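Comments concern the structure below.
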Amino acid sequence: MSKLVSVIVPCFNEDKYIAKCIYSLLNNGIDHEQLDIIIIDGGSSDKSVSIINAYIENFSCIRLFHNEKTITPVSLNIGVKNATAEYFLIASAHASFENGYIQECLNAIEKYKADV
């Protein structure tokens, strides 16, 4: 089964938020086999990377990349370049997503034949 959605998450010193973000993506109703969570860290000096790595140990759908330039657009480019899915979603590390949010986005794309 190929990946359906790549979620690109730029991250920098987000240890207070990143676990909630990841948890909400993992529990959004999308099968983990269809989910590709790409987190790009911009050189965090807090516990962000260790939190992310703890999730990576348990969920193969999460990948971590490093952005030495620490600039958000560079992180986004790294994420897009490494996305493996048919669709991608850019998410904030501060965000958490209601259950079903990703599927609703996919439904809208299909219903309206959206090209976004």
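Note that the structure is predicted; figures quoted are calculated from it, not measured. All residue numbers refer to positions in the sequence shown, counting from 1.
- Listed by chain and number, the residues in a side chain to side chain donor-acceptor pair (under 3.5 Å) with Thr84 are Asp36 (sequence neighbours excluded).
- By the side chain to side chain contact (heavy atoms under 4.5 Å, CB included) test, Phe59 pairs with Leu26, His32, Tyr55, Cys61, Ile62, sequence neighbours left out.
- Considering every non-hydrogen atom in both Ile39 and Cys11, the closest pair reads CG2-CB, 3.9 Å.
- Between the side chain of Asp15 and the backbone N or O of Ile51 there is no donor-acceptor pair closer than 3.5 Å.
- Judged as a side chain to side chain contact (heavy atoms under 4.5 Å, CB included), and not counting sequence neighbours, the contacts of Ala85 are Lys3, Ser6.
- Looking at Asp46, its side chain does come within 3.5 Å of a backbone N or O of Glu14 through a donor-acceptor pair.
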Acceptor/donor pairs from residues 95-104 side chains to any protein atom, 3.5 angstrom cut, sequence neighbours excluded:
residue : atom : partner : partner atom : Å
Gln103  : NE2  : Asn107  : OD1          : 3.0

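- There is a path of hydrophobic side-chain contacts, each under 4.5 Å, that joins Ile37 to Leu64.
- Looking at Asn82 and Arg63, their side chains come closer than 4.5 Å, going by heavy atoms from C-beta outward.
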| message | The test is side-chain contact (heavy atoms from CB on, under 4.5 Å); show your working for Ser92 and Val9 and say whether it passes. | response | CA-CA 6 Å; Ser92 168; Val9 185; over 6 Å; no

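- For Ser44, the side chain to side chain donor-acceptor pair (under 3.5 Å) partners two or more places apart in sequence, or in a different chain, are Asp41.
- Residue Ile78 is found in a hydrophobic cluster whose other members, listed by chain and number, are Ile8, Ile38, Ile40, Phe65, Ile71, Val74, Leu76, Val80, Phe88, Ile90; membership requires side-chain heavy atoms under 4.5 Å apart, directly or through intermediates.
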| field | Step-by-step side-chain contact (heavy atoms from CB on, under 4.5 Å) determination, Leu35 to Val7 | value | CA-CA 8 Å; Leu35 190 60; Val7 183; 4.0 Å; yes

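- Distance check: Glu33 CD to Ser60 OG gives 6.0 Å after rounding to the nearest 0.5 Å.
- A chain of hydrophobic side-chain contacts below 4.5 Å, direct or via other Ile, Leu, Val, Met, Phe, Trp or Tyr residues, connects Val5 to Ile56.
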